[in-house]
Amino acid sequence: MQTVTAVAHRGAPYHSRENTLASLRAALALGADAVEIDVRVTRDGVPVLLHDGTLKRLWAHDRPLRSLSAEEVRGLTAGGVPTLADALTATDGTRVMIDLPGRADPRAVRRIVGVVRECGAEDRVYYCAHAETMLAVRAADASAEIALTWTTLAPPRPGLLDAVRPRWLNYRFALVDRALAARVHRDGYLLSVWTPDTRRSQRRLLGLGVDSITTNRVDLLHTLRSGARLG
């Protein structure tokens, strides 16, 4: 029986604050095969874990990350926002999906890819984002593993696929049905979905034969997947 990869979205946000080392460790303890993290770059070029463009939602400081140095971020969050290097160390031996939110920034992408290389994590890291950012990743690393995020039912253009060379196509879960899953697999790609958090939605996707599920409820997915194997 096919094994679905359980990817923890920003760690385990129902247990610890998202994109923190505590959240990543909690996700692994709950049965995650991989963790998904959001990475942005500070003013001085340090990749850190943060989904939003500012610190407001998670850390109550309405300050844009791009205006802050890594040291200022550390001070404002009492060290709560880890660097990418810290996250790769904390997840040693585990697969890591790096999501690159926001507008495409080739310079930031090169720095992020560089840190992955410096940490010796190329073999366990893969990247997801929309097409323009994934083109920047491909330019920075010819061998990078890519999950191209796609948000419409129309398939990606062949020319784009040739340029990005993704291993995965990464869809919002509500778009995925049996026909789409069959098409993705027929075209030679693995199918990744995000972010189903209910028992019903996860069961449906398991039944469709997707290859990877990114979820805020990795504990639920781990339980359902284990039951499916037993069944």
Side-chain angles (χ1 to χ4, degrees), residues 4-13 18-19 23-24 27 32-41 47-53 84 87-88 91 94-106 108-117 119 121-157 160-176 180-181 184-185 187-197 205 210-218 221:
V4 174
T5 300
V7 183
H9 186 239
R10 306 177 193 171
E18 68 180 55
N19 278 320
S23 193
L24 303 185
D33 303 310
V35 293
E36 183 262 8
I37 57 177
D38 301 287
V39 179
R40 293 178 181 264
V41 174
V48 298
L49 273 59
L50 190 71
H51 175 270
D52 302 351
L84 173 58
L88 292 174
T91 58
T94 300
R95 293 268 282 164
V96 177
M97 174 187 272
I98 295 180
D99 190 8
L100 302 171
R103 298 178 62 181
D105 183 340
V109 166
R110 288 193 297 272
R111 181 61 189 134
I112 291 164
V113 170
V115 168
V116 171
R117 187 177 295 118
C119 292
E122 302 101 313
D123 290 345
R124 63 187 179 92
V125 162
Y126 57 126
Y127 302 87
C128 71
H130 297 285
E132 189 174 356
T133 299
M134 291 297 91
L135 286 167
V137 170
R138 179 55 70 216
D141 184 353
S143 63
E145 182 178 346
I146 286 175
L148 175 63
T149 297
W150 204 249
T151 57
T152 71
L153 289 174
R157 301 183 313 277
L160 175 62
L161 292 170
D162 288 343
V164 174
R165 290 185 283 116
R167 184 182 183 200
W168 306 77
L169 294 184
N170 187 39
Y171 281 87
R172 181 180 291 278
F173 79 94
L175 289 175
V176 177
L180 187 147
V184 169
H185 289 143
D187 290 343
Y189 301 101
L190 296 173
L191 176 57
S192 171
V193 300
W194 48 277
T195 37
D197 292 338
L205 293 160
V210 304
D211 301 289
S212 176
I213 295 176
T214 302
T215 176
N216 295 299
R217 293 291 314 281
V218 75
L221 176 58

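Because only heavy atoms are used, hydrogens play no part in the values below, and waters and symmetry mates are left out as well, while side chains stay in. Quick note: residue numbers are just sequence positions, from 1.
Considering all non-hydrogen atoms of both residues, G102 and R40 come closest at N-NH2, 3.9 Å. The minimum heavy-atom distance between S23 and A12, with the atom names listed, is OG-N, 2.7 Å. Of all heavy-atom pairs between L100 and M134, the closest is CD1-CE, 4.1 Å. Between Y171 and T152 the shortest heavy-atom distance is CE2-O, 3.5 Å.
In terms of modelled atom types and a separation under 3.5 Å, the side chain of D33 and the main chain of A6 share a donor-acceptor contact. A donor-acceptor pair under 3.5 Å links the side-chain atoms of N19 to the main chain of D38, judged by distance alone. Of the possible donor and acceptor atoms, one in the side chain of R124 sits under 3.5 Å from a partner among the backbone N and O of T94.
Contact of the Y189 side chain with the L161 side chain is registered, since non-hydrogen atoms from C-beta on lie closer than 4.5 Å. Counting heavy atoms from C-beta outward, T215 and F173 have side chains that stay 4.5 Å or more apart. Residues P47 and R111 have side chains in contact (heavy-atom distance under 4.5 Å, counting atoms from C-beta outward). V184 has its side chain out of reach of V210: every pair of non-hydrogen atoms, C-beta onward, lies at least 4.5 Å apart.
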Residues V39, V115; criterion side chain to side chain contact (heavy atoms under 4.5 Å, CB included); working and verdict: CA-CA 11 Å; V39 179; V115 168; over 6 Å; no
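Taken from CZ in R165 to CG in L148, the straight-line distance is 13.0 Å, to the nearest 0.5 Å. Note that OG1 of T151 and CG of N170 are 10.5 Å apart. Values are rounded to the nearest 0.5 Å. Here the CZ atom belonging to R117 is positioned 11.5 Å from the CZ atom belonging to R110, to the nearest 0.5 angstrom. With rounding to the nearest 0.5 Å, the separation of CH2 in W168 from CD1 in I146 is 13.5 Å. Here S192 contributes atom OG and Y126 contributes atom OH; the two are 6.0 Å apart, rounded to the nearest 0.5 Å. Here I213 contributes atom CD1 and T5 contributes atom OG1; the two are 9.5 Å apart, rounded to the nearest 0.5 Å.
With sequence neighbours left out, the side chain to side chain donor-acceptor pair (under 3.5 Å) criterion links D52 to R57. With sequence neighbours left out, the side chain to side chain donor-acceptor pair (under 3.5 Å) criterion links D99 to no other residue.
Under the side chain to side chain contact (heavy atoms under 4.5 Å, CB included) test applied with V96, the options V116, V7, L88 reduce to a single match, L88. A side chain to side chain contact (heavy atoms under 4.5 Å, CB included) with V176 holds for exactly one of L191, L169, L153; it is L191. Applying side chain to side chain contact (heavy atoms under 4.5 Å, CB included) to N216 and the options E18, H9, E36 leaves one that passes, H9.
When the shell of 6.0 Å around CG of D123 is examined, it contains 12 or fewer heavy atoms from other residues, nucleotides or ligands. The number of heavy atoms from other shown groups lying within 6.0 Å of CZ (R172) does not exceed 12. When the shell of 6.0 Å around CD of E122 is examined, it contains more than 12 heavy atoms from other residues, nucleotides or ligands.
For residues 135-146, every residue pair satisfying the salt bridge (Lys or Arg N to Asp or Glu O under 4.0 Å) rule, not counting sequence neighbours, is listed here: R95-E145, E145-R167.
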